[in-house]
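FYI, side chains are in, hydrogens and waters are out, and symmetry mates aren't considered; it's all heavy atoms of this structure. Reminder, nothing fancy here: chain letters follow the sequence lines and each chain counts from 1. Keep in mind that what you see is a predicted model, and the values were worked out from it rather than measured.
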Amino acid sequence: MIDTDERLLIDRCKLGERTAFDTLIRGYEKRVYNLAYRLSGNYDDANDISIDAFLRVFQAIKLFRGEANFSTWLFRIVTNVYLDRRKRMQNKQHLSLEEYIELEENSVARQIEDPSPTPGVLAETKERHDVLQEAIASLPDYQRAMIVLYHNEGLSYEEIAEVLSLPIGTVKSRLNRARLVMREKLEPHKELF
Amino acid sequence: MTCKHAQELLSDYIDGDVAAALSVSFENHIAECADCRHDLSGIRTVWEQLHQIPAIDTPMYFHENIMRRIDKQIMESEVKADVRSKSFDWRSLFRPRSLAYAAGVLVIVLGGSGVMNTTRAGFGLWPWNNRASIVDIELKKSSSAQIMFDTKGGANLIVHMQAATLPNNKSVELHYSLNIKGSTTILLQGSVTSESEIMLPVHLYDVSDKTFTLEANLSYKDPEGHETKHKQTVPVISVPFNSNSGNTNPVTP
């Protein structure tokens, strides 16, 4: 399931070798950050989710048995960290709907002003990508996770089922529904597509 | 085929995951139903567009921040393990060999001094007096920052920091890196002591989003070279703009 080099690296991580962990996460940190960003919709949360996820990986790597791809296991942790944070936020009821929308707008504004994200986001197609990102952000948590894992991270239906602990049939039907919802969200902006 | 059934098959059809006979039935329905045809075309567009979303780059110091947290975790678990290994284990008192040893010590102490008030010295032998010291480093509670927005879209930020003293009242010098997250991310580095407060003036040129987070990453090295790390948020107090207060004159770092 995983290549020999990565398996050796993971074995070294299990022995507590810091340099091995350093190398291992370098290969995944961009994908993890992107997944966290597409799930949360803002850069600050993406940063916190990514760091929390890597800390969990570090704590739990001894439990990784190598039966699944490391990336599938890692994405499962990232998605769980995101879902846990959402649950905590909902329990605390800190965010009203208006505040959430405002946060989304701020994150878009920050996209222009913050020099840390890639300039690629600021290219000609920025408006189209913003509309797409907004449509993704408007989906319910599980549908959003499925869309991002399938279309952005390139996971198979089987892998998504494993990440989200759902039957494949459920993944397929919810993805189909999510795409239909996205089609409706993009309808008012069809001149962009 | 009904529209409901056709809609359920849209993604499977694009995936090529519909059996031949069902596929013919689906295509016949699509040929006749404008709404479902519209949905199929729309879903195809969504599919293509989602695959074209570009990846974003990680922020500056992303990798370093992760590894710093990992290092902190390693250090904390080492300190815990050290404390555990040096802590007194009550169960060992009741092992036969320990009881025999304790009885022997008691006989020697009583016999040597001839008095009963040697209990204190006896306790001195016990290992819990020899616990590993855990260094809790942090900034003093009064550490904070004031931000004053000017009329040109910028702001002056003045950070006050002082290291808290160690539990044994010893002064400590901490190395800090200050991460100012706002419309731009600024990283400052230096050292701060518990002897005196430092005042750090920073001029920010673009504060259009007016959201700031100040993170102090602290580190302390003891004489034996063991490093302790700690991350702490510095509260930011917003000072209303006042033309008489001199807010318009930026302070350059």
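Without hydrogens or angle criteria, Asn69(A) side chain to Thr72(A) main chain gives no donor-acceptor distance under 3.5 Å.
Residue Lys140(B) places its NZ atom among 12 or fewer non-hydrogen atoms of other residues, nucleotides or ligands, all under 6.0 Å distant. Within a 6.0 Å radius of NZ in Lys72(B), other residues, nucleotides and ligands contribute more than 12 heavy atoms. The neighbour count for Lys14(A) NZ, taken as heavy atoms of other residues, nucleotides or ligands under 6.0 Å away, is above 12.
Chain A forms the most heavy-atom pairs under 4.5 Å with one residue out of Ile70(B), Ile66(B), Asp71(B), and that residue is Ile70(B). Chosen from Arg69(B), Gln7(B), Glu8(B), the residue pairing most often with chain A at heavy-atom distances under 4.5 Å is Arg69(B). Heavy-atom pairs under 4.5 Å with chain A were tallied for Ile14(B), Val46(B), Asp39(B); the largest tally goes to Asp39(B). Your options are Asp15(B), Asn65(B), Leu9(B), Asp12(B), and the one with the most heavy-atom pairs under 4.5 Å with chain A is Asp15(B). For the options Arg177(A), Met182(A), Lys30(A), Lys185(A), heavy-atom pairs under 4.5 Å to chain B are most numerous at Lys30(A). Ranked by heavy-atom pairs under 4.5 Å with chain B, the list Val32(A), Asn47(A), Leu186(A) is led by Asn47(A).
When every heavy atom of Ala55(B) is checked against every heavy atom of Asn34(A), the shortest pair comes out as CA-OD1, 3.2 Å.
Under the 30°/60° scheme for interplanar angles, the aromatic rings of Tyr33(A) and Tyr37(A) are found to lie parallel. Ring geometry, His151(A) versus His51(B): the interplanar angle exceeds 60°, so the pair is classed perpendicular (tilted spans 30 to 60°).
Neither the backbone nor the side chain of Glu184(A) comes within less than 4.5 Å of any heavy atom of chain B. In this structure, chain A has no heavy atom under 4.5 Å from any part of Glu48(B). Contact annotation for Leu132(A): only side-chain heavy atoms (C-beta onward) come within less than 4.5 Å of a heavy atom of chain B.
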